[in-house]
Protein chains: 2
Amino acid sequence: MPPDDPLPSRLSSDVYAVLRRQIVTGELRPNQPLIELDIAERLQVSRTPVRESLQRLAHAGLVVPRKRGWAVREFTPDEIRQNAEVRMALEGYAASLAALRGSPSDIAAIVAIHERRLKLRSSDEAMRVKTNRDFHDAIMRASGNPRLTDAIYHSGQFYFNAPIARVTTGEELALGNADHALIVAAIKKRDGPAAEKAMRAHIQRTFALFWRVTGLAEPLDVRQE
Amino acid sequence: MPPDDPLPSRLSSDVYAVLRRQIVTGELRPNQPLIELDIAERLQVSRTPVRESLQRLAHAGLVVPRKRGWAVREFTPDEIRQNAEVRMALEGYAASLAALRGSPSDIAAIVAIHERRLKLRSSDEAMRVKTNRDFHDAIMRASGNPRLTDAIYHSGQFYFNAPIARVTTGEELALGNADHALIVAAIKKRDGPAAEKAMRAHIQRTFALFWRVTGLAEPLDVRQE
DNA sequence: GCACGCAAGTTTGCATACAAATTTCATTTC
DNA sequence: GAAATGAAATTTGTATGCAAACTTGCGTGC
């Protein structure tokens, strides 16, 4: 999971990190009410840091206000689709920037991660997840735009509590590798538009697989271009 | 100014709204330390809602932690450039979605706003600002993706405390109208890629003007494609 | 004249107190 | 047996208390 901006206040940040992880992993279910005192007792702190972390979670969009208190946000299929589009916009642009202005060492790093991933066996699930993240991270880094990277992480949070993180079939590995290869080729050629297009298509396909694996109804209009 | 997600807690939200406005308008200067007790007394509330609103402001990126307490975030020219790029990514994509899937009435609304703007005189500054915002809002609405709209607003906050809102020369009006015309034409033709390209170029030119008007050094690598 | 140190004053981070609003639940009424 | 009522229990929103950490500024020694 990507880091989130740290704060000096210890407890508040700790509570935030714990709740965020529990929401994102699904340990706290969507629509589950978040009772301040329960959380405070569970984490052995007072309500003050709990309330402060809830404010941050609300701003992050992971928690929504109820008539009374807060609840874990539930994402509808359509909201997940919207997030996928935000990600296509941001990460596609990051790929184009990486192609246009990534330093040679940035690009070498991307290539190296991609080649390491090609050697994986489909059973090596943890490694597959890790190299996938590394790949996307390397591209963002090569974009030379930390704000863009932040925005991508931010948008990424939104569907982690959906089971997309568990899309782990062997098919997905092959598909992902093919997609990644197209992206890498475009970046190596310094072809910004091609890199952008390939990245968007990759995200698109990942989500198409997501709908299929989860059995969620795919919203209309997902497909672009 | 775009709305921000409201909260049930009255005071906390009020304090957040006030501080946000003061930061964004420059009433609170960058790097100015934010003393909880001062704010509490100024707004006639206790420290609790002040602290909660500071958490939200921190997550919004408008306020940064200091060794002790908080300060209004200052944006460097490079960070402003980064934000401009985020906006190019998001709003460009919104324009392409508007072209590809905006309803006829969505598109009629965009055209109407554009034509109203064409009739403005350069002295009508308030109206110019308003129709500009309306124009961009209409495109976002036509994109059919509220999350994308939110993300754009979010990214927009980041340079409001810079003087870009006050780029108000007559030249800017003419330039803006020419840019808008290109965007409108592409959307009417249902040409997504052209709309995206035109919107990116528009944002690019707006920022180029911004660097010139403010006298800030333009960071390298602003120019894409 | 400069540096150091120490004490007083701020200011924060966390905990707790308290009242108001809401929910729950048992009891009554039909 | 179902609905209504009202009192008790939760739970929140805000305020305040308190100790620790950091700053400030003055005085002292060199």
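Remember, predicted model here, so these are calculated numbers, not experimental data. Below, read A as the first sequence line, B as the second, and so on, with proteins coming before strands; counting in each chain starts at 1.
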Under 4.0 angstrom, heavy atoms only, what part of the nucleic acid is A/Leu34 near: base, sugar-phosphate, or nothing?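 Sugar-phosphate, backbone atoms only, no base.
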
What is the distance, rounded to the nearest whole Å, between atom [atom1] of [X] and atom [atom2] of [N]?
X: A/Arg66; N: D/dG13; atom1: CZ; atom2: P; result: 14 Å
X: B/Lys67; N: C/dT11; atom1: NZ; atom2: P; result: 16 Å
X: A/Glu52; N: D/dT12; atom1: CD; atom2: C1'; result: 16 Å
X: B/Leu37; N: C/dT10; atom1: CG; atom2: P; result: 11 Å
X: A/Ile39; N: D/dT11; atom1: CD1; atom2: P; result: 12 Å

When the ring centroid of A/His136 is compared with that of A/His180, is the distance short of 6.0 Å?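 Centroid distance A/His136-A/His180: below 6.0 Å, so yes.
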
Can you confirm if the aromatic rings of A/His59 and A/His154 lie within a centre distance of less than 6.0 Å?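 Here the rings of A/His59 and A/His154 have centres that are no less than 6.0 Å from each other.
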
Side chain A/Glu91, main chain A/Met88, donor-acceptor under 3.5 Å: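 Not a single qualifying donor-acceptor pair exists.
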
Which nucleotide, C/dG13, C/dC14, D/dT11, lies nearest any side-chain atom of B/Glu36?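 Out of C/dG13, C/dC14, D/dT11, the nucleotide with an atom closest to B/Glu36's side chain is C/dG13.
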
Taking atom types as modelled, find out whether A/Arg101 and A/Asn145 have a side-chain donor-acceptor pair closer than 3.5 angstrom.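 Absent: no donor and acceptor within the cut-off.
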
If you restrict it to nitrogen or oxygen atoms, what contacts under 3.5 Å exist between nucleotides 16-18 of chain C and the protein, and what is each distance?
{"unit_1": "C/dT16", "atom_1": "O4", "unit_2": "A/Thr48", "atom_2": "OG1", "d": "3.4"}

Spacing of CG belonging to B/Leu54 relative to CD1 belonging to B/Ile39, to within rounding of 0.5 Å: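 Taking CG in B/Leu54 and CD1 in B/Ile39, the distance rounds to 5.5 Å.
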
Can you tell if the side chain of A/Gln55 reaches within under 4.5 Å of the side chain of A/Trp70, non-hydrogen atoms only?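 Sidechains of A/Trp70 and A/Gln55: in contact.
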
Side-chain N or O of A/Arg68 versus OP1/OP2 of C/dA21: is the shortest distance under 4.0 Å?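 False: A/Arg68 side-chain N/O out of range (4.0 Å or more) of C/dA21 OP1/OP2.
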
